Each structure stands twice: as C-alpha cells, then as structure tokens.
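Shown next, in structure tokens, is the structure this report addresses.
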Amino acid sequence: MSGASARSLAKGSAPPGPVPEGLIRVYSMRFCPFAQRTLLVLKAKGIRHEIININLKNKPEWFFKKNPFGLVPVLENSQGQLIYESAITCEYLDEAYPGKKLLPDDPYEKACQKMVFELFSKVLTNKKTTFFGGSSLSMTDYLIWPWFERLEILELNDCVDHTPKLKLWMAAMRQDPAVSALLTDPKALRGFFNLYLQNSPEACDYGL
Amino acid sequence: MRFCPYAHRTRLVLRAKGIRHEVININLRNKPEWYYTKHPFGQIPVLENSKCQLIYESVIACEYLDDAYPGRKLYPYDPYERARQKMLLELFYKVPHLTKECLVALRCGRECADLKLALRQEFCNLEEILGYQNTIFFGGDCISMIDYLFWPWFERLDVYGIADCLNHTPALRLWTAAMKQDPTVCALLIDKNIFLGFLNLYFQNNPDAFDYGLTC
C-alpha cells in the first residue's frame, strides 16, 4: 500500500491534504509495534489505505492536531474523522469495514477476547487453544503479535523458552498472510534501535 | 461492593438498561476463597450469567451488557462515535488513581496540594472537551455510556473532601448537575452519611466497613 516505505514527515513539513474518497489514511512509523497492530488489521481486512510515516523523534507541529497525544497510530478518513489509540483504531476498522470480522459477533465471545487482551500473559499458562481467540487467528492475536515478533529479532527469545505453547503460537502466526506480509526485517529493526537509543532524528527512516 | 466506583459503573448500566439482576457483595478485605474462581485476582465487578459465563473488567462488563441486552443502547451505533467515546475514556484514565490518592492523603492527615493540582488539570482537559463539543453530556445532548463510565468518581468528590477541584470547570459542574437529574444516577446515589461511615471504618481497617449502614 502507498507510503509504507516513505520517509517520515518531521518538524517543518507541510501538513498533508485531505484524505481522498475511498481511502483511509494511517499515520504510522515503520518500527512502531502499536502502529503495526493497525497495519495488520488493515491488511487482514483488505482495506484500501495510505500510510504517512511520522518522525517520532522530531514530530511535525501539525501532527498534534491529528492526535493531541502526538502518538501513532492515528486513522484519518475522507470525512476528516480522526481515531487514535491502537486498540481503538483496530476495533473501529473491524466495525466500519465489511468483510471478515476479526472480533466475534457474540457479546460474550467478544468480551472474552477483550479480557484476554487485558490479561494475556496470565491467561497464557492456562490457555488450551492454539490462538488467543480460540482455534483460529483473530483480533487478539494481531494485537499481541508485534511484541513477540520483536522478541525474536532482538534476541530476547529466552523469554519464551519456558512457554512452549507461546513458541507454537509464534510459528502459527508466521503462517498467516497478513503477518508474513508485514514481517519486520531484523537488520532494519536492529539498525533502527541503535539510532533510536542514540536519540538520532534519522532513526525512523533507517534503511530508506 | 456497595462503595466501589468500578462496580458502580456496572450497576449504573444494569439499571439504565432495565436488566434484571441480583447483586452479591464481596468483602474485599476478607474475600471468600471461592471468589478466586470468579476472578483470577479476586477483583470486582464480575458478571456471571446462567450459562456460568464470567465477564470482568468494568469497561468490558459494561460493553458486554450493552451488546447482549436489548432496549436502549448506551454506546452509539456509529463506529466513529463509538470510537470517540472510547478515546474519551483514555482521557479519563488518571482520574481514578488521583482521586484515590487524594482521599488516602487527606484521611492520613497528609498534604495533597500537588495531587489536587494534578486532578484539576485532568478536569481542565475534560472541560475543554465539553467546551469544544458545546454539549451537556460527553456523548452529546443525551446521557450515554461514557457519562456513566465517568460518573462514579465525580459522585465521590464531595465525600472524599475534594469537591473544590471543580471550582474552575463550570461546564463540568453543569455536567454533574445534569447527571444528578438522570433517573438512573439518582436511583443509585449513595447516601453521604453512610458513605462517610464506611470510609471511617475502612480507614480504621475495620473488616465490617463494607457492611456499614446495613440493618440485617
């Protein structure tokens, strides 16, 4: 989708114009796990979107009009409506767009997924099913995935050594089309983190 | 528990939607062992239905009730308006902690000017929202879910001794007045003297605090 590999917009950049009809815009950052949640849902539901990357170390002034907290992800539609907070953006997309529902329709099943999202690390040891939402992949799995992807890349695998179920889950996740389409390149992520820890404004554009 | 603000949210929604329910109060200082089979950490509120399905986390429980039961919908139908209410809830997240810290500080005879300042700042943020929207309630001109989710902490400002934190937020004061007119809020208003009696016993670590005011 357009914009995924574009340089981030920083302070002094011109604010982008309105979002064209038929498209939804996501303000993102290539290495942000919260933004990746939204991208996963956009991909999984096949929603036409454009991406504007934001330099989180040198934010454009206009970006605070999109989200007073100045964080990504933020959704903007052609009506100028803005939605932020990653879990809220994901739920909004599931409700507003047709096609495969990632959250269940049944009120109790939906509540269960939300409870799992709240307590996922505690629930994991008792979990009997392959995915967090049940026997097939759904919303909760996408919300959690970005952190586990980073565990492997940053060589923090030891965290999952004691939880074979989690290892199995990670393998199953890599089979998912949306997840595999958006896999973060390990070298790029490590390069980003190096620059990020040095507070470099170039960090967000590493590899471009 | 009769005085818990999180459980209060759920009771407001049950009442607002006219859902038949029974209440079991839990002694939070001396929890029954079986209660941990209802919630892994023994927290309230928890909903349990006749299918033995359990739902916890006050916001999740409130949304479940709105989804599962017919009649008046408390969340809007429009996905964007629903998302707006959830974003508003994010703006509120510091309020419960700050009000509790003020209460504890005052009850322990400590200064809490900094805490009150921080709370006033949070109220200013909410005031800005009401000003920008130019509506009485947070969801529009009628009361809706977000108002019920905020309410329990505002009801407690007076009995906690921090009602003056609303001094510089007129729209928020108008909102609290309008909330007190709502039949649901009204029906569940906690008597101030009973609440004070509870707080007195609670801060003396009296395990009977939770049942203060009950005659049987």
Side-chain angles (χ1 to χ4, degrees), chain A residues 19 24 34 38 41 45 47 64-71 73-98 101-127 139-140, chain B residues 6 10 13 17 19 36-43 45-70 73-94 121-122 124-126 128-129 132 146:
Chain A
V19 180
I24 190 162
F34 296 94
T38 314
V41 173
K45 288 183 73 84
I47 297 169
F64 290 89
K65 293 210 183 75
K66 306 297 182 186
N67 179 0
F69 295 114
L71 300 171
V74 184
L75 288 172
E76 184 173 1
N77 62 21
S78 49
Q79 296 142 279
Q81 293 173 333
L82 296 155
I83 302 113
Y84 49 81
E85 292 302 313
S86 59
I88 299 176
T89 64
C90 292
E91 189 164 7
Y92 166 79
L93 291 171
D94 206 37
E95 289 172 1
Y97 287 82
K101 285 294 168 208
L102 297 175
L103 275 169
D105 278 324
D106 176 69
Y108 173 65
E109 295 303 326
K110 185 165 98 159
C112 279
Q113 288 221 3
K114 292 188 174 194
M115 287 187 276
V116 166
F117 176 54
E118 292 292 319
L119 296 171
F120 85 88
S121 57
K122 304 281 189 238
V123 168
L124 180 66
T125 50
N126 293 329
K127 204 98 191 72
M139 183 67 86
T140 313
Chain B
Y6 296 95
T10 313
V13 172
K17 290 183 68 83
I19 299 169
Y36 290 90
T37 66
K38 306 299 181 185
H39 188 291
F41 310 137
Q43 290 169 346
V46 178
L47 291 171
E48 184 172 4
N49 62 20
S50 50
K51 289 180 247 180
C52 301
Q53 294 172 333
L54 296 158
I55 300 107
Y56 45 80
E57 291 299 312
S58 61
V59 177
I60 298 175
C62 291
E63 184 167 3
Y64 166 80
L65 291 172
D66 205 38
D67 287 341
Y69 287 83
K73 284 295 169 206
L74 297 177
Y75 268 127
Y77 284 103
D78 177 69
Y80 170 67
E81 292 302 326
R82 287 174 78 95
R84 270 214 78 235
Q85 293 217 358
K86 292 174 184 190
M87 287 186 274
L88 277 176
L89 198 52
E90 291 293 318
L91 266 182
F92 183 76
Y93 88 94
K94 288 184 186 159
Q121 182 53 55
E122 296 304 311
C124 276
N125 297 340
L126 294 176
E128 250 186 71
I129 298 289
Y132 171 78
I146 188 67

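Bear in mind that the values here come from a model prediction, so they are computed numbers and not experimental data. Each chain gets a letter, A, B and so on, in the order its sequence line appears, and its residues count up from 1.
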Approximate separation, where rounding is to 0.5 Å, of [X] [atom1] and [Y] [atom2]:
| X | Y | atom1 | atom2 | result |
| --- | --- | --- | --- | --- |
| B/Arg82 | A/Glu95 | CZ | CD | 4.5 Å |
| A/Tyr108 | B/Asp67 | OH | CG | 14.5 Å |
| A/Tyr92 | B/Arg84 | OH | CZ | 13.0 Å |
| A/Met115 | B/Ile55 | CE | CD1 | 5.5 Å |

**Asked** Is it true that atom NZ of B/Lys94 has more than 12 heavy atoms of other residues, nucleotides or ligands lying nearer than 6.0 Å?
**Response**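 Open: at most 12 neighbouring heavy atoms sit under 6.0 Å from NZ of B/Lys94.
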**Request:** Take atom CD of B/Glu128 as the centre, draw a 6.0 Å sphere, and report whether it contains more than 12 heavy atoms from other residues, nucleotides or ligands.
**Result:**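 Result for CD/B/Glu128: open.
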**Prompt:** What part of A/Lys110 is in contact with chain B, defined as an atom under 4.5 angstrom from a non-hydrogen atom: side chain, backbone, both or neither?
**Reply:**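 Interface part for A/Lys110: side chain.
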**A/Leu93 versus chain B, the contacting section by heavy-atom distance below 4.5 Å** =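 Neither part.
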**Request:** Specify the closest pair of heavy atoms between B/Tyr80 and A/Gln81, including all atoms of both residues, with the distance to one decimal.
**Result:**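 In this case the closest contact between B/Tyr80 and A/Gln81 is CD2-NE2, 3.1 Å.
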**Request:** Taking all non-hydrogen atoms of both residues into account, name the closest pair between A/Ile88 and B/Met87 and its distance.
**Result:**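 For A/Ile88 and B/Met87, the tightest heavy-atom pair comes out as CD1-N, 3.6 Å.
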**Item:** Region of B/Glu63 in contact with chain A, defined by heavy-atom distances below 4.5 Å
**Value:**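 Answer is side chain: those atoms of B/Glu63 sit under 4.5 Å from chain A.
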**Asked** What part of B/Leu65 gets closer than 4.5 Å to chain A, counting heavy atoms only: side chain, backbone, both or neither?
**Response**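 B/Leu65 has no heavy atom closer than 4.5 Å to chain A.
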**Prompt:** Picking from B/Pro40, B/Ala68, B/Ala61, which has the most non-hydrogen pairs under 4.5 angstrom with chain A?
**Reply:**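 If we count pairs closer than 4.5 Å to chain A, B/Ala68 comes out on top.
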**Item:** side chain to side chain contact (heavy atoms under 4.5 Å, CB included) between A/Phe69 and B/Leu91, worked out
**Value:** CA-CA 10 Å; A/Phe69 295 114; B/Leu91 266 182; 4.0 Å; yes
